[in-house]
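Heads up: numbering here begins at 1 and tracks the sequence.
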Amino acid sequence: MTGRLDRIKRVRPPGAPRDRRAADWVPYLLVVLVAVASLIGLTIRPTGETKRGTADFVVVAAAAGLRWDDLDPQRTPALWAEAGKGSTGWLSVRSAHQVTCPSDGWLTLGAGNYAAWDTQAVHGKCPAAVPEVTRPDAIGANVTAQRAVVRTNQDKLPYGTTPGALAESVRCTVAIGANAAIAAARPFGRVDQYAETLPADPKKLLSECVLSFVDLGTITGSGAERQAAVAAADATLARILAARPDRSLMLIAGVADTESTSRLHVAIAEGDGWEGGWLTSAGTGRDGYLQLVDLAPTVLAALSRSAPEKLFAGYAASVSTGRPADVATAMQGRNDADQRAIAQRGVASIFFAVLAGIEVLLFLAIVPLLMRARRHAGPAAPPGPPARLVAVAEAALIAAALAIPAALVADVAPWWSSAHPAWMFGGATFGLMLAGTLAVRLAPRYRMTLWPMGAVAAISAIVIVVDLLTGARLQLNGVAGYSATHGVRYTGLGGVGLGVFVAGLLLTAGSVAQYVGRTWRPVVVVLLGGLGVVMVGSPYLGADPVGAIAVTAGVCVAAAISSGGWLTFPRFAWSAVAGLAVTAGFAVLDLNRAPLEQGTLGRFLSALGSGTAGPAMQRAAAANGQALLDSPLSLLAIAGAVMLAFCQFSPWGGLNRVYGLHPAVRAAISGTAVASITAGILGGTALGVAGAAAATAVPVAVLTALRVLLHAADRTTPPGESDGPGGPLLRKADEGELTVTESAG
């Protein structure tokens, strides 16, 4: 009895002076701690230098539809030799059009920004349209529709693109072929030097101007038809190589798609300073990847000319080491990024649709179990659910929460090279889900109420952290990551990964914080949250400063209410100050970087200062609307919110009891909601981040609520007796009568 009394908290009498302890200053130190911990990662930069060659002439030889699987040492000797001598990469041909058809690709090449020839929707194959080119004299030409195309891009599209900006940056240009004339034309349509076909001796023509565009043809179809088109392009390239000017840079590119399915295409740079290695740019941040809008800045950088201010969206390409010398090993076979991206697109749609359907059905199946689990303390309480049914439900909830982390790890296996990639990926993911569920279930601490939540959250966060520390290789072209064909992100943390990481990080922090004193719970949340902000915001890890700001907001909210109580005005004020401090720090550091090193936040603020941020805001709003309607993650977010609302506000939910017993868990779930919704809206993915967070957090939150309900009627038993979980122990007397064993105190 004395021991129990000793553990009773002493209450301060009314009017008595309050002791001032060091711990009372913890809330005031949180602002400094979270700001410093969050910003320190931005000061770390990897060592290295940009390697890029220069030239007196640049020849851009391009073919719409040209892919790496078209190249062969026997059938395309010129292309194969250029790939072996030069620097190579995969080209993402995103334009202002949903489908980058040949005209859109050539126009984007000449604009240095996302452009579109027209606004007509494309279904199936791209139309075989050739631009009308007139010859007012024997030297140059005019692209008839150029003025109308400029008005379309300026007035109807949200990129503020000026077609012909590249041609305006040099003294004169040469175009060989009608499609090449689109890239070489100035904004008013004039092409300085023009030839419909490659002359018998093109040496003089290619030396007339510092920049020449040559159309190698359009590669379409399949089988023998496609091989014939590629062979013709290779023969044309061989003639160009024989006549190229001295000290010239050859840029060979597949500038467009030829059907509605986006692909990755050929990018080769060959010349002095471009020998071997991967092509990359500050726009992609990934070795071996270029954007179509990077080609125009690359041309000007090679010619030692400055890019036009505010017109180009891309960044000049550079060369990084590490590419295998053999072209086939580097660009084809299992390393073919285009093949993986194609497989990823199909499998990802299946995976998230199946995951959304399974979790919705699982939530519906759990509702009757929750209702049956809520027992009363009276002697006539109905029996609880069978232990085996509870065990199966818990295992299913754990497996569902681990689905996206398992999908990320499954990308270690080359499932995309299988004859049946969806089945191979599904089998690998299911096996990893099973292994993770067994690891959580067989742990000695499994019976602890918060263990499943904390263990699943920690596994999820660790998977993301390890992936970021190793270069985010699991997310690039991964089912639970992002595709390079979309032309939006090539490195760092994607929307799905961000949602999983936010949920894993904050639920881990909440579970750990619950085991320390109330005063120190905010410290635990801030320490883990600050490290998470560094992981998300560092340009060399997560590379998502906007996501880092959202995570900061979630961490501040979680820290403010982790010790219990509501989000009062003083707590909100401290959270707001901390969030503003981190946001301001990110902005200052990002703006002070060189333009090529700035992240999305710095670029947006720079555009805001120059008055050109309107198109970016318009694009983000349009992206949010499209993502909200198209993504199964939106269904996951809505289903998760409905399930949490049921668990909190219905008489059978149990989540309010969880929050009362474990206030740090309530803080973690609240912070996850704030961070994921904010990140999705600011990042243009609507409920995408929230859906990924819900897929991880809601199943383990429901599991925790189920556990608390099963123990809601537990009583303290006398020494030597045990009622077990779920209520008073029901026993049969020797005479067959049902009796209830009451436990003392």
**Request:** Return yes when atom OH of Tyr515 has more than 12 non-hydrogen atoms of other residues, nucleotides or ligands closer than 6.0 Å, and no otherwise.
**Result:** yes
**Fill in**
Taking every heavy atom of Gly547 against every heavy atom of Leu498, the minimum-distance pair comes out as CA-CD2, 4.1 Å
**Item:** Spatial distance of atom CG (Leu687) from atom OG (Ser634) [nearest 0.5 Å]
**Value:** 5.0 Å
**Minimum heavy-atom distance between Ala410 and Ala428, given as atom pair plus value** = CB-CB, 4.1 Å
**Request:** May I ask you to decide if the ring planes of Tyr289 and Tyr490 are parallel, tilted or perpendicular, using 30° and 60° as cut-offs?
**Result:** tilted
**Request:** Looking only at non-hydrogen atoms, find the nearest pair between Pro452 and Ile398 and report the distance.
**Result:** CB-CD1, 4.3 Å
**Message:** Applying side-chain contact (heavy atoms from CB on, under 4.5 Å) to Leu710 and Val390, what does each step give before you reach the verdict?
**Reply:** CA-CA 10 Å; Leu710 289 170; Val390 172; 3.7 Å; yes
**Message:** Taking Trp416's backbone N and O only, do any of them form a donor-acceptor pair with Arg340's side chain (distance below 3.5 Å, no angle check)?
**Reply:** no
**Request:** State, to 0.1 Å, how close Val525 and Ala513 come at their nearest heavy-atom pair, and which atoms those are.
**Result:** CG2-CB, 4.3 Å
**Asked** How many angstroms lie between CG in Leu633 and OG in Ser676, if you round to the nearest 0.5 Å?
**Response** 11.5 Å
**Message:** Let me confirm one number: the CG-CG distance from Leu661 to Asn656, rounded to the nearest 0.5 Å.
**Reply:** 11.0 Å
**Asked** Do Arg707 and Leu703 have side-chain heavy atoms sitting under 4.5 Å apart?
**Response** yes
**Message:** Please report the interatomic distance CZ(Phe501) to CD1(Ile404), rounded to the nearest 0.5 Å.
**Reply:** 15.0 Å
**Message:** Just verifying a value: how many Å separate Leu636 CG and Met643 CE, rounded to the nearest 0.5 Å?
**Reply:** 13.5 Å
**Message:** Looking at every heavy atom in both Val698 and Gly640, which two are closest together, and how far apart are they?
**Reply:** CG2-CA, 3.8 Å
**Asked** Is the closest side-chain heavy-atom distance between Val708 and Thr449 below 4.5 Å?
**Response** yes
**Request:** For the residue pair Val642 and Phe363, establish whether any side-chain heavy-atom pair is separated by less than 4.5 Å.
**Result:** no
**Asked** CE of Met453 to CG of Leu507: how many Å apart, nearest 0.5 Å?
**Response** 5.5 Å
**Message:** Ignoring hydrogens, what is the shortest heavy-atom contact between Leu450 and Ser511? Give both atom names and the distance.
**Reply:** O-OG, 4.3 Å
Name each donor-acceptor pair under 3.5 Å that joins a side chain in residues 434-446 to protein atoms two or more places apart or in another chain, with its distance.
| residue | atom | partner | partner atom | Å |
| --- | --- | --- | --- | --- |
| Thr437 | OG1 | Met433 | O | 2.8 |
| Tyr446 | OH | Glu394 | OE1 | 2.5 |

**Item:** Side-chain heavy-atom pair Gln514, Ser562 within 4.5 angstrom cut-off
**Value:** no
**Item:** side-chain contact (heavy atoms from CB on, under 4.5 Å) evaluation trace for Phe649 with Leu655
**Value:** CA-CA 8 Å; Phe649 299 112; Leu655 203 54; over 6 Å; no
**Message:** Less than 4.5 Å apart, side chain to side chain, heavy atoms only: is that true for Val702 and Cys647?
**Reply:** yes
Do any side-chain atoms of residues 459-473 form donor-acceptor pairs under 3.5 angstrom with protein atoms, and if so which ones, sequence neighbours left out?
| residue | atom | partner | partner atom | Å |
| --- | --- | --- | --- | --- |
| Ser460 | OG | Val456 | O | 2.9 |
| Asp467 | OD1 | Arg473 | N | 3.1 |
| Asp467 | OD1 | Leu474 | N | 3.0 |
| Asp467 | OD2 | Gln475 | NE2 | 3.1 |
| Thr470 | OG1 | Val466 | O | 2.8 |
| Thr470 | OG1 | Asp467 | O | 3.1 |
| Arg473 | NE | Thr470 | O | 3.3 |

**Request:** Please examine the side chains of Pro632 and Leu355, heavy atoms only from C-beta on, and report whether any two atoms are closer than 4.5 Å.
**Result:** no
**Request:** Return yes if some donor-acceptor pair links the side-chain N/O of Asn477 with the main-chain N/O of Ala484 below 3.5 Å, else return no.
**Result:** yes
**Prompt:** Tell me, do Ile681 and Ile677 make a side-chain contact under 4.5 Å, heavy atoms counted?
**Reply:** yes
**Val496 side chain reached by Leu408 side chain, heavy atoms, under 4.5 Å** = no
**Request:** Give the C-alpha distance, both sets of side-chain angles, the deciding distance and a yes or no for side-chain contact (heavy atoms from CB on, under 4.5 Å) between Thr704 and Val665.
**Result:** CA-CA 10 Å; Thr704 306; Val665 172; 5.6 Å; no
**Request:** Carefully, step by step, assess Tyr482 and Leu476 under the rule side-chain contact (heavy atoms from CB on, under 4.5 Å).
**Result:** CA-CA 6 Å; Tyr482 41 81; Leu476 177 65; 4.0 Å; yes
